[in-house]
Amino acid sequence: MEESILLELSKMVYDYCGLRYSDRLSVLKDRISKRVKELGLSFWEYCGYLRTTPAEWDLLVELLTINETYFYREENQLNECCLNVLPQIKNKPRNRPIRIWSAACSTGEEPYTLAMLIQETGQFLPGSVEIIATDIDKKVLKKAEKGWYHQGSFAFRRIPDNLMRKYFVENEGGYQVNSFTRNMVQFKHLNLLDSGKAGHIGQVDVIFCRNVLIYFDQQTTKKVIHNLHQNLVPGGYLFLGHAESITDMGMGFEKVDSEKTFYYRKELDLK
Ligand SMILES: C[S@@+](CC[C@H](N)C(=O)[O-])C[C@H]1O[C@@H](n2cnc3c(N)ncnc32)[C@H](O)[C@@H]1O
């Protein structure tokens, strides 16, 4: 009985945000038990509560997402973007800033690293690159906006000393990304499955969507990639995590191999 209710709940979660728990019902139970108890409900009643209380989804999402991230993660991709891709985009005529979207940004380490490396190139005037960073989890977005990370935090495990010294201010037992760098990034709440809301991001030149597709099945991955494709300008670039691939999915992207990494470019002519 309890298994069939948890299965129903896992289906609701899957439909809402693509996260798969149907084969990990005990994990789902562990993560939500405290909350369900707090509300004084049974799991069955909690399903009904979710249907009638949309705000509860924000809390549930906080309990179910994996938010692990750190500065300078998979740096070959970040460097490829800032040293090769952005300069190429910059050379094309445009009447707006270059726009980068960090989709599934968690606590902000990815978009802030991009903002730091863009400054490091010395090639971009202030305001000539906009970074939009989104996540489904409102709690991590709050932390991201503040840009403060405690001393010894996992966030700093890979960051080179020179970036640490240059772009952080020591503050209240931790380090805060300096205000100039923080101002280069705009955080927004977004469920990647929500094609309507993704449209509000507008056209972007580069997308980083790393280490989130690993939590989705192929059907959800295709839905998300389709949404990203819609937001990307023709010839725009998509960076996925190292363990994630859309090669052979026929999603309107071609693979680009560089010396140290690979990524995708949106095809100019769709068949
Ligand atoms: C492991 S973190 C990856 C962070 C960063 N991109 C990186 O590579 O370091 C995955 C993030 O995806 C977010 N996420 C999961 N499902 C999502 C969805 N349907 N829409 C938007 N974000 C989602 C989670 O909240 C989490 O912050």
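Read the numbers this way: they start at 1 and go in the same order the structure lists the ligands and their atoms. Predicted model only: the values in this text are computed from it and were never measured. Counting begins at 1 with the first residue of the sequence.
- In the vicinity of E110, heavy-atom distances shorter than 4.0 Å reach the ligand 1 atoms 5 (C), 6 (N), 7 (C), 8 (O).
- The pair K166-E120 meets the salt-bridge criterion, since a charged nitrogen lies less than 4.0 angstrom from a carboxylate oxygen.
- At a heavy-atom cutoff of 4.0 Å, ligand 1 is contacted by both the backbone and the side chain of R210.
- Nearest protein heavy-atom neighbour of atom 23 (C) of ligand 1: I136 CG2, 3.4 Å.
- Relative to atom 16 (N) of ligand 1, the option among Y215, F239, F216, Y16 with the closest non-hydrogen atom is F216.
- For atom 27 (O) of ligand 1, the candidate residues are T107, D135, L19; the nearest heavy-atom contact is made by D135.
- Taking the charged nitrogens against the carboxylate oxygens, R210 and E110 do have a contact shorter than 4.0 Å, which makes a salt bridge.
- The closest protein non-hydrogen atom to atom 15 (C) of ligand 1 is V212 CG2, 3.7 Å.
- Of the heavy atoms in L190, only backbone atoms (N, CA, C, O) come closer than 4.0 Å to ligand 1.
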Inset, instruction - Could you check L59 against E38 for side-chain contact (heavy atoms from CB on, under 4.5 Å), going step by step and ending with a plain yes or no? - result: CA-CA 13 Å; L59 238 154; E38 216 170 66; 5.9 Å; no
Legend entry - Test side-chain contact (heavy atoms from CB on, under 4.5 Å) applied to L228 and W101, step by step: CA-CA 10 Å; L228 300 182; W101 177 14; 3.6 Å; yes
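- Given atom 4 (C) of ligand 1, the protein heavy atom at minimum distance is A104 O, 3.3 Å.
- Considering both main-chain and side-chain atoms, L193 never comes within under 3.5 Å of ligand 1 through any nitrogen or oxygen pair.
- Ring geometry for F156 against Y175 counts as perpendicular: the plane angle is over 60°, on a 0 to 90° scale with 30° as the lower cut.
- Between N211 and ligand 1, an N or O atom pair is found at a separation short of 3.5 Å.
- A salt bridge links E56 with R35; the closest basic N to acidic carboxylate O contact falls under 4.0 Å.
- Classified by interplanar angle (parallel below 30°, tilted 30° to 60°, perpendicular above 60°), the ring pair Y16/W57 is parallel.
- If you number the atoms of ligand 1 from 1 as listed, the ones under 4.0 Å from a heavy atom of S106 come out as 4 (C), 27 (O).
- With ligand atoms numbered from 1 in the order given, ligand 1 contributes 18 (C), 19 (N), 20 (N) to contacts under 4.0 Å with heavy atoms of N191.
- Among protein heavy atoms, the minimum distance from atom 9 (O) of ligand 1 is reached at T69 OG1, 2.6 Å.
- By the criterion of a heavy-atom distance under 4.0 Å, the side chain of T65, and not its backbone, is placed next to ligand 1.
- Between R73, E74, K139, E244, it is R73 that holds the heavy atom closest to atom 7 (C) of ligand 1.
- For ligand 1, the polar-atom distance check against V140 finds no nitrogen or oxygen pair separated by under 3.5 Å.
- With a 4.0 Å cut-off on non-hydrogen atoms, I66 touches ligand 1 through its backbone and not its side chain.
- Near D137, meaning under 4.0 Å from one of its heavy atoms, ligand 1 places the atoms 25 (O).
- Taking any N or O of C105, backbone or side chain, none lies under 3.5 Å from an N or O belonging to ligand 1.
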Legend entry - Y21 and V27: CA distance, side-chain angles, deciding distance, side-chain contact (heavy atoms from CB on, under 4.5 Å) verdict: CA-CA 8 Å; Y21 278 92; V27 179; 4.0 Å; yes
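- Of the protein's non-hydrogen atoms, the one nearest atom 20 (N) of ligand 1 is L192 N, 2.9 Å.
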Inset, instruction - Let me see the working for D137 and T65 under side chain to side chain donor-acceptor pair (under 3.5 Å), right down to the final yes or no. - result: CA-CA 7 Å; D137 183 336; T65 50; 3.0 Å; yes
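- Salt-bridge check for R24 with D30: failed, with every basic side-chain N at 4.0 Å or more from each acidic carboxylate O.
- The aromatic rings of H150 and W148 sit tilted, their planes meeting at an angle between 30° and 60°.
- Using a 4.5 Å heavy-atom cutoff, the side chains of V204 and E130 are not in contact.
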